[in-house]
Amino acid sequence: MVAEPKIIAFTCNWCSYAGADMAGTSRIQYPPNVRIIRLMCSGRIDPAFILMAFELGADGVLVSGCHPADCHYISGNEKAEIRVNSVKKILELFGLEPERLRLEWVSASEGGHFAETIRDFTEKLQKLEENPFKVKPVSGTIETTMEETFKTNIRYCLQCGACTSICPIARVDPRYSPRETVNRILTGPEEEIFSDQSI
Amino acid sequence: MSEETTAPRVGVFVCHCGVNIGGVVDVPSVVEYSKTIPGVVYAEANLYTCSSDGLNKLKEAIKGHKLDRVVVASCTPRTHEPLFRATCEEAGINKYLFEMANIRDQCSWVHMHEPEKATEKAKDLVRMAVAKALLLEPQEEPEIEVEPSALIIGGGIAGMTAALSLAEQGFQVHLVEKQSELGGMLLRLDKLFPLDRDSLELLKPKIDAVKSNPNIRIHTTSMVKSAKGFIGNFEVEIESQKGEIERIRVGTIIVATGMASLEPVGLYNYGSDERIITQLQLEKILKTGGPEGVRTVVMIQCVGSRNEERPYCSRICCNEAVKNARLLKRSDRVRDVYILYRDLQAYGTRYSPLERIAKRQGVKMINYQQEKPPQVVSEKDAVVVKVFSPLLDEEMTVKADLLVLSTPLIPTEEAGGLSQTLKVPLGSDGFFMEAHVKLRPVDFPTGGIYVCGTAQGPKDIPESIAQAYAAASRAAIPMTLRKVRAEAITASVNEELCIRCGRCEEVCEFNAITVEVVESGKMTTRVNEILCKGCGVCSVTCPTGAITMRHFNNKQIYAMLEAVLRGH
């Protein structure tokens, strides 16, 4: 249980950031635990932004853009939806609840909807534990790191190979193949992993 | 140069906004806190940073403290960023070295009862803005030459008004109309509210003026086939019905394609009984002196509108029904006219009196509820309409000779195709969507393309004409200046990391990024900075991280995340 979950909200400039402004103009109150990062389009949401937010201890991440068919860049919001759904699967691999990541369409006129989203998201996150990465960072001794690693579902990672097939670096140097890297982490020996320059 | 002189020097200006921010957030403590953020060399509080006094202080501080980056913690960048950017430029700082922290709309106004937490959040927001400001880079906005000619799509009242306005200012205008005649929807109307004047009285002089203006070239029975290019330099193909294609070059485009009227097939027996028609069909009957031998007329409002499929109010139908009811009464005083309505929206100073006049003339207005719509049964001698009146709390039955359905204005069939051709968005209702409902009501997000009239949503004739003048005057700005600057928030490609896979090209909706063969065997990925709208989709799609979004790059966003979550 976490009293004040930290929420990072990535909003598009045109609809959702404006929707958040509209909540302000209409003086609609919502919990103060959200920090907004403005992007031009929700399609700008890079999975890395979301993962980094969780890595740094955010309890929840909200991605918010224009309603379907309302995107100012025609289809950026559709791309955001695809990305968010795939990052949810990655979160599961890490052992994080996928509901910590939320996608919400908020138009420029929906101040009430933005505020309600923050209220509801806060309540849902309050029911979860604190982001485990915030409490116990993965970095540490070899033993704790390995222990943490195996607690997650990292073993799923050897299944599809999609990342390796498109990885331009792996094509040049197989040592950097993501599949190969994960395989080495899982099979050890541990000392070698920690001294390996390519990991 | 020594290390000290090259390190960024950030100035933070925290605005009280009167009591709007200062009444909730502890502004002095935010200022003191700002001074402790690494990189910040100066911080001050202003009563109103956007006042001329505040802007002067900003300029003085930039010069006095040799600031090279500025953070203003105040309201929203969506309204005030242009002003502060301009001030920075006046003081000699590139306008892309400016960042805002929104501590009003997204802080003091929404956490009014939690001043301590609001203050803490304001500090976080300033820290995030400083983190981004430290990594901001100056940007050059590309300058573009503008062709002083315009394409106007749609020869209705809005398109013709815009065409005349631009032509009278001396610009060359191409006016494209899909029908064989100019005039649009007005050709199909009888008399116009509020003055009950013949539509031709308004239309005829306009059409004559357009036809006789030497600066206007009219392309009837033609459509826009393709459009390439960007503000100032659009290359457009106009296709005539015969399939002839003409290529033109224009600097600006105005979309004035109008709307269609819903054909209410299947609603209230429409289509199965000739006595059941739409308001538009009634206009035609009125135009030819009818209707003959009609004793009782019933009109039903909101047919196919303000429901789940079409949630919007079509704005004109109430006034149209009231007008036609009055005309029907005027031509035959003993005729019974009923208007069955959900909410009668005879809005504004001009239209409300007409509703009263209609009632005085004896037009009967009966409210109905959406949950209990009128029931229509076609009988041999009459169309029987049963309606439950919540006012009387009972069902009423009217035997009508003519049932008129007030249907909403809907997007034209061509809107979807044109939106793709021009790369401009449609809203969820299918009408063209402007860049900002209040601040940029006739612009599209794409520079150099504007919208007016009912293409953008239902509106009456005065509103369409006013909007047409607005679109024409917006289009005239770049054409008068002959030059524009494009936003510098665009993609840039690192050729070393790029593997020319072309995924960016696939996802770009604006054809702004392309993989091109430069010489035999050598390829390059090129960004057209004027076509690029800065959405960033390509950058996320790039598998090698070769694409950087200017002003919203990964490092800047990582820095904001670090600043807020790690506290530094």
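Every heavy atom of this structure was used, including side-chain atoms; hydrogens, water molecules and symmetry mates were not. Sequence lines set the chain letters: A, B, ... in the order given, protein chains first and strands last, and positions in each chain run from 1.
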With no hydrogens and no angle check, is any side-chain donor or acceptor of [X] less than 3.5 Å from a backbone partner on [Y]?
| X | Y | value |
| --- | --- | --- |
| B:K117 | B:P115 | no |
| B:E99 | B:A129 | no |
| A:N131 | A:F54 | yes |
| B:N553 | B:Q556 | yes |
| A:K79 | B:C538 | no |

Does any backbone or side-chain atom of [X] lie under 4.5 Å from a heavy atom of chain A? Answer side chain, backbone, both or neither.
| X | answer |
| --- | --- |
| B:E116 | neither |
| B:H551 | neither |
| B:Q106 | both |
| B:F510 | side chain |
| B:M433 | side chain |
| B:V437 | neither |
| B:I489 | side chain |
| B:S108 | neither |

Which one, [options], leads in non-hydrogen pairs under 4.5 Å with chain A?
| options | answer |
| --- | --- |
| B:G536, B:S539, B:C535 | B:C535 |
| B:C75, B:A435, B:C107 | B:A435 |
| B:H113, B:K132, B:R104 | B:H113 |
| B:T541, B:D124, B:L497 | B:D124 |

field: Candidates A:L128, A:I50, A:V61 - the one meeting side chain to side chain contact (heavy atoms under 4.5 Å, CB included) with A:R100
entry: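 Output: one option passes, namely A:L128.
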A:T25 and its side chain to side chain contact (heavy atoms under 4.5 Å, CB included) partner, picked from B:T76, B:V110, B:D105: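 With A:T25 as partner, B:T76, B:V110, B:D105 yield a single side chain to side chain contact (heavy atoms under 4.5 Å, CB included), made by B:D105.
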field: Aromatic plane relationship, B:F98 with B:F84 - under 30° parallel, 30 to 60° tilted, over 60° perpendicular
entry: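 Tilted: the ring planes of B:F84 and B:F98 meet at 30° to 60°.
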Closest-packed option against chain B by number of heavy-atom pairs under 4.5 Å, given [options]:
| options | answer |
| --- | --- |
| A:M40, A:R27, A:R83 | A:R27 |
| A:K6, A:R35, A:M52 | A:R35 |
| A:R38, A:Q29, A:H67 | A:Q29 |
| A:C12, A:G57, A:S75 | A:S75 |

field: A:S16 and its side-chain hydrogen bond (donor to acceptor under 3.5 Å, both in side chains) partner, picked from A:S64, A:S42, A:S107
entry: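 In the set A:S64, A:S42, A:S107, the residue that makes a side-chain hydrogen bond (donor to acceptor under 3.5 Å, both in side chains) with A:S16 is A:S64.
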Which atoms of [X] are under 4.5 Å from chain B, going by heavy atoms: the side chain, the backbone, both sets, or neither?
| X | result |
| --- | --- |
| A:A23 | both |
| A:I118 | neither |
| A:I28 | backbone |
| A:A18 | both |
| A:N33 | neither |
| A:E4 | side chain |
| A:F10 | side chain |
| A:C66 | neither |

Are [X] and [Y] close enough for a salt bridge, meaning some N to O gap below 4.0 Å?
| X | Y | value |
| --- | --- | --- |
| A:E97 | A:K127 | no |
| B:R127 | B:E562 | no |
| B:R503 | B:E506 | no |

field: B:M100 CE to B:T79 OG1 distance, which is reported to the nearest 0.5 Å
entry: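 B:M100 atom CE to B:T79 atom OG1 measures 6.5 Å (nearest 0.5 Å).
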query: Rounded to the nearest 0.5 Å, how far apart are CD1 of A:I74 and CG of B:L426?
result: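 If we round to the nearest 0.5 Å, A:I74:CD1 and B:L426:CG are 9.0 Å apart.
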query: How close do A:L125 and A:G60 get, heavy atom to heavy atom, and via which atoms?
result: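 Scanning both residues completely, I find the closest heavy atoms to be CD1-CA, 3.7 Å.
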query: What about the rings of B:Y312 and B:F431, do their centers lie closer together than 6.0 Å?
result: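 Centroid separation for B:Y312 and B:F431: below 6.0 Å.
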field: Neighbourhood of chain A inside residues 18-26 of chain B, taking heavy atoms under 4.5 Å as contact
entry: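 Those residues of residues 18-26 of chain B which have a heavy atom under 4.5 Å from chain A are B:N20.
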Flag for B:Y96-B:E487: side-chain donor and acceptor within less than 3.5 Å: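 Yes, a side-chain donor-acceptor pair sits under 3.5 Å.
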- prompt: Just checking, any donor-acceptor pair under 3.5 angstrom between side chains of A:D21 and B:N102?
  reply: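 There is such a pair (donor and acceptor under 3.5 Å, judged by atom type) between the side chains of A:D21 and B:N102.
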